[in-house]
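Below you'll find the structure, written out as C-alpha cells, and then a few comments.
Excluded from the calculations below are hydrogen atoms, water molecules and symmetry mates; all remaining heavy atoms, backbone and side chain alike, are included. Convention: sequence-line order gives letters A, B, ...; per-chain numbering from 1.
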Number of protein chains: 2
Amino acid sequence: MIRQKAIEMVVKQGLDGFGVNRLAKAAGVSPATIYIYYKDKEDLIFQLGTDISKRMLADSLQDFDPDASFAEGLKKQWLNRMQFYLKHPLEVQFIEQIRYSNYYEEIQAELSKGFREVMGKFVHNAIERKELIPLPFEVYWSVAYAPMYQLIKFHNQGKTFTGRKFSLNDKTILQTLQLVLKALKP
Amino acid sequence: MIRQKAIEMVVKQGLDGFGVNRLAKAAGVSPATIYIYYKDKEDLIFQLGTDISKRMLADSLQDFDPDASFAEGLKKQWLNRMQFYLKHPLEVQFIEQIRYSNYYEEIQAELSKGFREVMGKFVHNAIERKELIPLPFEVYWSVAYAPMYQLIKFHNQGKTFTGRKFSLNDKTILQTLQLVLKALKP
DNA sequence: TTTAAATGAGCGAACGCTCACTTACCTTTG
DNA sequence: CAAAGGTAAGTGAGCGTTCGCTCATTTAAA
C-alpha cells in the first residue's frame with residue numbers, strides 16, 4: 001500500500017507534492033510505519049526507483065536474443081518497452097518524474113552494471129554483420145531510442161506542445177521504428 | 001540577482017531543494033523583496049520558465065528561413081539550439097528541471113501560440129518539394145529532434161549511463177544530424 | 001513631502017522524523 | 001491447555017525545523 005500510494009502521489013503531484021506525512025495518510029498507516037521499511041525519504045524514493053528500473057530493464061530484454069538480426073532485435077526492444085508502459089503506466093511516469101531529479105544519479109549507477117554486456121554484444125554483432133553503421137555509443141543511443149521515448153512522453157502527457165491530442169498505437173510505433181532502422185542501416 | 005540565483009539553485013539542488021527563504025539569503029535580499037516582483041513561488045518559476053523558453057525558441061529560429069531546403073533548415077535549427085546551450089547552459093538545465101514538473105504545462109500553453117505557424121510552413125514546404133516523408137507530427141518530431149535533445153542531455157550530465165564520459169562537439173552533432181536526415185528523406 | 005523599494009521579524013502550516021507504547025501472533029512453560 | 005513471555009509490526013502524539021508568505025517599518029531617491 002505504501003509503495004502503490006507513493007508512486008501515485010509522485011506521478012500526480014510531482015516530487016515536491018510528495019511528503020512522508022501525506023503518504024502515511026494516503027496509505028492509511030502511521031508515519032512511523034513508513035520508517036520501519038525505509039531508512040528515510042530519500043531511501044524510499046531510491047528503492048522505488050531502482051525496483052521499477054530493474055523491472056523495466058529486465059522486461060525490455062525479455063525474449064531478446066543478442067544474436068538476432070539488428071532490425072529484429074531493436075524491434076523486440078522497442079515493443080518490450082512499449083508493452084511495459086501499457087502494463088505499468090504509473091511506474092513509467094514515476095521514473096520520468098525522478099529521472100531529472102537529483103535522486104536518479106545513484107539509481108543509474110545501480111543499474112548500469114549488467115546492462116553494458118548484453119547491449120554491447122548485440123551492437124557488436126550488428127556492426128560485424130554490416131547491419132548497423134559503426135557509431136559512438138551516444139550517437140547510436142540518441143538515434144535508436146530517443147525517438148521512442150519521445151513518443152512515450154507524448155503519450156503520457158496525452159497531447160503534444162501544439163495542443164494536438166495524441167495516443168500511441170502500433171502503427172505509429174512501427175512507422176517510427178522503420179525510420180530509425182533506415183537511419184542506422186549502412 | 002534573484003533571477004540568477006533562482007536558476008542556479010534549481011539547477012544545482014533541484015526543484016525540491018529550492019525555497020523562497022533560501023533564495024532570499026543566496027541573493028542577498030529579504031524574503032519580502034522577492035514578493036515585490038513575483039506574486040508567489042509558482043509565479044516566480046512560471047515567469048523564469050516562460051522567459052527562458054521564449055528566448056530559447058526565438059534563438060532557435062534565428063536566421064532560420066522557412067523556405068530553405070529541409071536539410072539546411074533542420075541543420076540551422078539544430079545548430080541554433082546547440083549554440084543556445086553553449087551560451088546559456090544553466091538556463092537549459094533549468095528548463096530540463098522544470099520540464100517534468102507540474103509547472104511546465106502552463107508554460108507550454110504560453111509558448112505554443114506563435115510556434116505552430118513557422119514550423120508548419122517549413123515542414124509543409126519540405127514535403128511538397130519531396131525532401132521529407134509525409135509523417136504524423138509526433139513521428140516527425142520524435143525522429144527529427146529527440147536525438148538532439150538526448151545528446152544535450154548526455155552532455156549536461158557529463159556522462160552516459162554506462163559511466164562513459166561525454167562532451168558534445170561539432171563532429172558528433174553533425175554525424176547525428178546526417179542520420180536523422182537520412183531517416184526523414186523519401 | 002511624497003513615493004516606491006526594501007527590510008527583518010515572525011506568523012501558521014507543513015515538513016521529516018522519533019519514541020514510548022500497543023497490538024497480534026507465536027513459543028515456551030508448569 | 002491456559003498462562004506467561006517473546007517478538008515483530010504498527011501506532012499516534014509531537015519534536016525541532018523549515019516552509020511560503022505578510023506587515024509594520026525604514027530607507028533613499030524624486
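If you measure from atom CD1 of A:Ile34 to atom P of D:dT11, you get 10 Å, rounded to the nearest angstrom. Nucleotide C:dC15 holds its C1' atom 14 Å from the NZ atom of A:Lys25, rounded to whole Å. If you take OH of B:Tyr35 and C1' of D:dT22, they are 10 Å apart, rounded to a whole angstrom. One atom, CG of A:Leu15, and another, P of C:dC15, lie 14 Å apart when rounded to the nearest Å. In this structure, the CG atom of A:Leu23 is 15 Å from the C1' atom of D:dG10, given to the nearest Å.
Applying the ring-ring contact (aromatic ring centres under 6.0 Å, His included) rule to B:Tyr104 yields no partners; only residues at least two apart in sequence or on another chain are considered. Qualifying side-chain contact (heavy atoms from CB on, under 4.5 Å) partners for B:Ala26, counting only residues two or more places apart in sequence or in other chains: B:Lys5, B:Met9.
A:Trp78 approaches A:Ile173 most closely through the heavy-atom pair CZ3-O, 3.8 Å.
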If you look only at distance, which donor and acceptor atoms sit under 3.5 Å apart when one is on a side chain in residues 177-186 of chain A and the other is two or more places apart or in another chain?
from	atom 1	to	atom 2	distance (Å)
A:Lys182	NZ	B:Ala183	O	3.3
A:Lys182	NZ	B:Lys185	O	2.5

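Residues from residues 1-8 of chain A lying near DNA chain C, meaning a heavy-atom separation below 4.0 Å, are absent.
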Under 3.5 Å between N/O atoms: give me all the protein pairs with nucleotides 4-6 of chain C, atom names plus distance.
from	atom 1	to	atom 2	distance (Å)
C:dA6	OP2	B:Tyr37	OH	2.1

List every contact pair, protein side and nucleotides 23-29 of chain D side both N or O, where the distance is under 3.5 Å.
none

Every protein N/O lying under 3.5 Å from an N/O of nucleotides 20-26 of chain C:
none

Every protein N/O within reach of nucleotides 16-19 of chain D N/O, cut-off under 3.5 Å:
from	atom 1	to	atom 2	distance (Å)
D:dC19	OP1	B:Arg22	NE	2.9
D:dC19	OP1	B:Arg22	NH2	2.6

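B:Leu135 has its side chain out of reach of B:Ile127: every pair of non-hydrogen atoms, C-beta onward, lies at least 4.5 Å apart. Considering only heavy atoms from C-beta on, A:Phe154 stays 4.5 Å or farther from A:Leu168 through its side chain. At a threshold of 4.5 Å between non-hydrogen side-chain atoms, the residues A:Lys159 and A:Phe166 do not count as touching.
To the nearest 0.5 Å, atom OG1 of residue A:Thr172 and atom CE of residue A:Met82 are 9.5 Å apart.
The main-chain N or O of A:Ser167 is never found under 3.5 Å from a side-chain atom of A:His155 such that the two would form a donor-acceptor pair. In terms of modelled atom types and a separation under 3.5 Å, the side chain of B:Asp65 and the main chain of B:Gly73 share no donor-acceptor contact.
Evaluation of the salt bridge (Lys or Arg N to Asp or Glu O under 4.0 Å) test over residues 136-148 of chain B, restricted to residues two or more places apart or in two chains, returns A:Arg164-B:Glu138. Pairs engaging residues 19-28 of chain A under the salt bridge (Lys or Arg N to Asp or Glu O under 4.0 Å) rule: none recorded [sequence neighbours left out]. Applying the ring-ring contact (aromatic ring centres under 6.0 Å, His included) test to pairs two or more places apart or on separate chains, those with a residue in residues 54-75 of chain B are B:Phe64-B:Phe122, B:Phe70-B:Phe122. The list of salt bridge (Lys or Arg N to Asp or Glu O under 4.0 Å) pairs with a residue in residues 28-55 of chain B, not counting sequence neighbours, reads B:Arg3-B:Asp51.
A donor-acceptor contact closer than 3.5 angstrom links the side chains of B:Glu8 and B:Gln4.
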